[in-house]
2 protein chains.
Amino acid sequence: MTEQEQPVADVFSAACSSRPVLQHLTGRWGALAMVALDRAEGPVRFGELRRRVEGISDRMLSQTLGQLERDGMVHRTVHSSIPPHVEYTLTELGARVAGPLAELIELLEAELPTVMDAQAAYEAAS
Amino acid sequence: MTEQEQPVADVFSAACSSRPVLQHLTGRWGALAMVALDRAEGPVRFGELRRRVEGISDRMLSQTLGQLERDGMVHRTVHSSIPPHVEYTLTELGARVAGPLAELIELLEAELPTVMDAQAAYEAAS
DNA sequence: CCGTATCCTTAACGATACTG
DNA sequence: CAGTATCGTTAAGGATACGG
């Protein structure tokens, strides 16, 4: 049987359930958290993640990870001990989603000079 | 000469200029606008774009396109006539950036059932 | 150590009205 | 048609303090 994967979802449709999921991934911190986990290639602790994603607050990291966990992108493992020890990893789906996000970020980092030039040209024209 | 492209940019650094650029692309409407332009494969007018990106307001579309134009992702062509006629296309850089964004969106649309299942499981566990 | 709770400030956003 | 201006509302985000 050659089943056709036919997406019923359309993110361009306003009411589609995929919209919030996209928001979580492309929100202020979503992509950074995902790619940080992707680059780690192994479990990462909360504090370590906060250090990697510079500028994020406890509150935002917690909230972002919560959304991603709910969406099935991130797996959370709690080792009940004192002090507590919590590890985050990407799920199988999360790893696949992280791919394009990592590409985007790498492309952007490599092409930042191009962007800066464009910005300068834009300012000059206005 | 085999020049090594060595990115000086690091999006994980809080003050890096790449951060705002990433914001524009992964903000609420950035990715949707980029991929809508990518799928069009040709010039798209303002009104057409607004129709394609369901739910976006005049104000947000204008602002989003302005940011993307400033970042060198989108090219804007004004045909001075009455009524006005303005066309948007991706720049060469924009087209390359749109690639990963399109991948992300397609993956998300295809895997939405997986995400919905994860959400249901999450609710059940709490 | 890993968060949550609370409060507060900012900015994102949408609706409406208006202009070239 | 393609926006901009203004206004009001909402939601996102940061700071701080505290709990398991």
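Residue numbers start from 1 in every chain, and the chains themselves are labelled A, B, ... in the order their sequence lines are given, proteins ahead of strands. Please read these numbers as outputs of a predicted model, since none were measured by experiment.
- Inter-axis angle, ends of the helix from C/dG3-D/dC18 to C/dG20-D/dC1, five pairs per end, rounded to 10 degrees: 50°.
- Put simply, the side chain of A/Asp71 never gets that close to the backbone of A/Met73: no donor and acceptor are under 3.5 Å apart.
- At whole-Å resolution of the value, CG in B/Leu49 and P in D/dA2 are 10 Å apart.
- Within the 3.5 Å criterion, the main-chain N or O of B/Leu93 finds no donor-acceptor partner in the side chain of A/Glu111.
- When the P atom of D/dT4 is taken as reference, atom CD of B/Gln63 falls 10 Å away, rounded to whole Å.
- The phosphate of D/dA2 has neither OP1 nor OP2 within less than 4.0 Å of any side-chain N or O from B/Arg59.
- Residue pairs meeting the ring-ring contact (aromatic ring centres under 6.0 Å, His included) criterion with at least one partner in residues 46-93 of chain B, sequence neighbours excluded, are B/His79-B/His85.
- The backbone N or O of A/Gly72 lies less than 3.5 Å from a partner atom in the side chain of A/Thr91, making a donor-acceptor pair.
- Residues B/Glu48 and A/Gly55 both approach DNA chain D. Their nearest nucleotides, taken by heavy-atom distance, put B/Glu48 toward the 5′ side.
- Per the geometry, CZ belonging to B/Arg76 stands 12 Å off C1' belonging to D/dT4, to the nearest Å.
- Protein chain A contacts DNA chain C over a range whose 5' and 3' limits, counting nucleotides with an atom under 4.0 angstrom from a non-hydrogen atom, are C/dC1 to C/dT6.
- Atom CG in A/Leu32 sits about 12 Å away from atom P in D/dG13, given to the nearest Å.
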From CA spacing to verdict: side chain to side chain contact (heavy atoms under 4.5 Å, CB included), A/Leu49, A/Leu61: CA-CA 8 Å; A/Leu49 213 42; A/Leu61 180 54; 4.1 Å; yes

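- A close approach under 4.0 Å does occur between a side-chain nitrogen or oxygen of A/Arg28 and OP1 or OP2 of D/dG14.
- Atoms CG (B/Leu65) and C1' (D/dT4) sit 14 Å apart, rounded to a whole Å.
- Positionally, the nearest nucleotide of DNA chain D for B/Pro84 lies more toward the 5' end than for the other of B/Pro84 and A/Pro83.
- A straight line from CH2 of B/Trp29 to P of D/dA12 spans 13 Å, rounded to a whole angstrom.
- Phosphate contact (OP1/OP2 of D/dA15, side-chain N/O of A/Ser57, threshold under 4.0 Å): absent.
- A distance of 8.5 Å separates CZ in B/Arg19 from CZ in B/Phe12, rounded to the nearest 0.5 Å.
- We find the CG-CD distance between A/Leu104 and A/Glu109 to be 10.0 Å, quoted to the nearest 0.5 Å.
- The backbone N or O of A/Met60 lies less than 3.5 Å from a partner atom in the side chain of A/Ser57, making a donor-acceptor pair.
- The CD atom of B/Gln23 sits 12 Å away from the C1' atom of D/dA12 (whole-angstrom rounding).
- One distance of note links CG of A/Asp38 with CD of A/Glu41; it measures 7.0 Å at 0.5 Å rounding.
- One interatomic measurement links the two molecules: CD of A/Gln67 to C1' of D/dA12, which rounds to 11 Å at whole-angstrom precision.
- Distances shorter than 4.0 Å separate some side-chain N or O of B/Tyr88 from OP1 or OP2 on D/dG3.
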